[in-house]
*Asks:* 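This is the structure, below, for whatever I ask next.
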Amino acid sequence: MSQWPIPGEQTASVEPVSADGQLVSEAEYWQDWYNTGDLSYEWNNGRLEEKPVSDFETFQVYLWFLELLRHYLRLQPIGKLVALEMGFRLALRSGTVIRKPDLAVVLDTNPVALDLTHSSYHGVFDLCVEALSTEKPAYVHRDLVVKKAEYAAGGVPEYYVLHREHGNLAFYGRTRGSSVYSPLPTEGSGDDRLVRSRILPGFQFRVSDLIRRPDLDAIRRDPVYSSFVLPEWTRAEQEQVQAEQARLQAERAQAQAEQARLRAERTQAQAEQARLQAEHDRDKASRECNKLSRERDEALAEARREVAARAALEAELASLRNRSS
């Protein structure tokens with residue numbers, strides 16, 4: 001009796017029986033094993049290879065990176081994202097393999113267009129991303145060594161390996177004219193180094209952010225991501241800030257104009273008070289002058305009356321003296 005399960009066969013055990021390592025033809029793989037239900041298999045030169053499941057935190061790293069790619073391709077629609085176990089065939093010198101990257105990108109410039117009605121891709125992906133499972137050393141070896149060599153030899157321009165630990169993160173690119181990968185050039189040092197894609201212009205990320213996974217509001221404000229993660233929100237905020245600044249500036253100008261008006265009114269009131277004071281002082285001076293003039297006239301009149309009275313008295317005395325002599 002065969003030790004391998006029959007595709008679609010119901011077993012009594014709760015856990016599905018793995019067919020990892022089973023020998024099948026490529027035709028059998030495409031017909032019976034490519035779209036199996038419980039377990040996912042790739043095909044390596046005649047043998048099934050079960051795709052392992054990553055731990056939950058690595059899945060969170062994968063989701064964060066997927067969201068970053070989605071925002072980039074929304075703003076720069078130069079390709080399409082592929083996931084959901086979509087496989088592609090690589091005819092290598094060492095044999096034929098069928099791989100199902102956890103995430104992939106097909107650029108619009110790829111010579112093989114992505115057929116939206118197919119469940120597999122008939123060309124070579126431009127970017128392959130694997131979420132690493134460290135459950136078994138064989139899984140680590142497969143993603144970091146075997147698939148790295150296969151994708152490079154098969155012509156995949158870039159290959160990324162995601163994981164919850166810094167030491168298991170890897171980002172490779174093919175140099176022109178070469179069939180091997182070298183690490184993508186980075187800017188900076190340590191875990192905060194910046195990785196830039198060669199095939200996705202402007203797409204970049206900090207290695208440490210894959211582990212920290214800052215939220216959307218934080219990354220859209222970060223200069224590393226702000227050019228492709230919701231820049232319209234940033235522009236709207238800037239416009240709102242500028243409008244608020246204009247409003248405050250208008251209010252300041254209005255307040256300054258009001259202060260200037262109040263100062264002008266105060267100056268006008270002070271001038272009016274000075275005018276009234278001057279008129280008061282002038283009227284007072286005029287009254288004083290008139291009073292002095294009246295007093296002088298009265299004094300002169302009194303003096304004239306005294307002179308006239310004295311003259312009259314002297315004349316009367318003179319007349320009396322004449323009569324007595």
Side-chain angles (χ1 to χ4, degrees), residues 4 7 18-37 39-54 69 78-133 136 138-162 170-184 197-200:
W4 309 112
S18 174
D20 186 60
Q22 181 175 337
L23 289 171
V24 300
S25 68
E26 183 176 349
E28 289 174 324
Y29 171 76
W30 286 114
Q31 180 177 343
D32 298 329
W33 298 97
Y34 179 69
N35 285 320
T36 53
L39 300 176
S40 177
Y41 296 97
E42 297 176 318
W43 189 79
N44 187 354
N45 202 27
R47 194 177 295 276
L48 296 176
E49 288 184 351
E50 180 186 343
K51 274 184 66 66
V53 178
S54 302
L69 262 180
I78 60 173
K80 297 176 178 61
L81 280 173
V82 172
L84 298 175
E85 303 292 321
M86 180 174 282
F88 72 125
R89 184 178 188 272
L90 293 172
L92 309 173
R93 290 183 179 180
S94 58
T96 299
V97 296
I98 300 170
R99 294 301 185 189
K100 297 178 177 179
D102 294 316
L103 183 64
V105 173
V106 179
L107 294 177
D108 294 341
T109 55
N110 195 300
V112 180
L114 184 65
D115 192 324
L116 302 181
T117 64
H118 288 178
S119 61
S120 63
Y121 179 53
H122 295 172
V124 175
F125 290 128
D126 293 286
L127 168 65
C128 287
V129 180
E130 298 286 0
L132 181 67
S133 171
K136 295 180 181 180
Y139 297 157
V140 178
H141 180 77
R142 185 185 302 171
D143 280 351
L144 291 179
V145 179
V146 177
K147 288 188 178 181
K148 175 187 172 186
E150 291 174 352
Y151 289 161
V156 178
E158 290 186 359
Y159 174 46
Y160 301 169
V161 179
L162 304 180
F171 311 97
Y172 300 110
R174 289 173 92 236
T175 55
R176 182 168 299 185
S178 173
S179 60
V180 296
Y181 283 136
S182 60
L184 285 175
S197 170
R198 289 188 181 128
I199 65 167
L200 303 173

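The first residue of the sequence shown is numbered 1, and numbering continues consecutively from there.
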*Asks:* What are the two closest non-hydrogen atoms of V156 and Y181, and how far apart are they?
*Replies:*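 Heavy atoms only, the tightest pair is O-OH, 2.7 Å.
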
*Asks:* Who pairs with H122 by ring-ring contact (aromatic ring centres under 6.0 Å, His included), at least two apart in sequence or on another chain?
*Replies:* H118

*Asks:* For V106 versus V112, what's the shortest heavy-atom pair and its separation?
*Replies:*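 Minimum heavy-atom separation between V106 and V112: CG1-O, 4.2 Å.
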
*Asks:* When rounded to the nearest 0.5 angstrom, what is the spacing between CZ in F125 and CG in L107?
*Replies:*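 It is 11.5 Å, given to the nearest 0.5 Å.
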
*Asks:* Considering all heavy atoms of both residues, which atom of S119 and which atom of M86 are nearest to each other, and what is their separation?
*Replies:*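 Nearest pair, atom of S119 first, then M86: O-CG, 3.5 Å.
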
*Asks:* Output yes when K147 and E42 qualify as a salt bridge under the 4.0 Å nitrogen-oxygen rule, no when they do not.
*Replies:*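 Salt bridge present between K147 and E42.
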
*Asks:* Give me the atom names and distance for the closest heavy-atom approach of S54 to L132.
*Replies:* OG-O, 3.4 Å

*Asks:* Evaluate the side chain to side chain contact (heavy atoms under 4.5 Å, CB included) criterion for residues V24 and D32: first the C-alpha distance (whole Å), next the side-chain angles of each, then the deciding distance (0.1 Å), finally the verdict.
*Replies:* CA-CA 10 Å; V24 300; D32 298 329; over 6 Å; no

*Asks:* Return the CG to CG distance between L200 and L127, rounded to the nearest 0.5 Å.
*Replies:* 6.5 Å

*Asks:* Does a donor on one side chain sit under 3.5 Å from an acceptor on the other, for T96 and E26?
*Replies:* no

*Asks:* Please report the interatomic distance CG(D143) to CG(L162), rounded to the nearest 0.5 Å.
*Replies:*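 Rounded to the nearest 0.5 Å, the CG-CG separation comes to 10.0 Å.
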
*Asks:* Less than 4.5 Å apart, any side-chain heavy atom of E158 and any of V129?
*Replies:*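 The answer is no, as the side chains (C-beta and beyond) never meet within the 4.5 Å cut-off.
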
*Asks:* In this structure, which one of K51, E49, E50, E85 forms a side chain to side chain donor-acceptor pair (under 3.5 Å) with S40?
*Replies:* E85

*Asks:* Among Y29, W30, Y34, W33, whose ring pair (Phe, Tyr, Trp, His ring centres under 6.0 Å) with Y41 holds?
*Replies:*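 The single option meeting the ring pair (Phe, Tyr, Trp, His ring centres under 6.0 Å) with Y41 is W33.
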
*Asks:* Looking only at atom types and distance, does a side-chain atom of E150 sit under 3.5 Å from a main-chain N or O of V97, one as donor and one as acceptor?
*Replies:* no

*Asks:* If I take atom OG from residue S120 and atom CZ from residue F88, how far apart are they, to the nearest 0.5 angstrom?
*Replies:* 11.5 Å

*Asks:* Counting N and O atoms only, with roles assigned by atom type, does the side chain of D126 sit under 3.5 Å from a partner on the main chain of P157, one being a donor and the other an acceptor?
*Replies:*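 Absent.
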
*Asks:* Please report the closest heavy-atom contact between R142 and P52, naming both atoms and the distance.
*Replies:*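 Answer, listing the atom of R142 first, then P52: NH1-CD, 4.1 Å.
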
*Asks:* Which atom pair, heavy atoms only, marks the closest approach of A83 to D102?
*Replies:*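 Between these two residues, the closest heavy atoms are CB-O, 3.8 Å.
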
*Asks:* In this structure, which one of Y139, Y159, Y160, Y151 forms a side chain to side chain donor-acceptor pair (under 3.5 Å) with E130?
*Replies:* Y151

*Asks:* Side chain to side chain contact (heavy atoms under 4.5 Å, CB included) for N45 and S94? Distances and angles first, verdict last.
*Replies:* CA-CA 8 Å; N45 202 27; S94 58; over 6 Å; no

*Asks:* Atom CG of L90 and atom SG of C128: how far apart are they, to the nearest 0.5 Å?
*Replies:* 7.5 Å

*Asks:* Apply salt bridge (Lys or Arg N to Asp or Glu O under 4.0 Å) to D108 and list each qualifying residue two or more places apart in sequence or on a separate chain.
*Replies:* K80

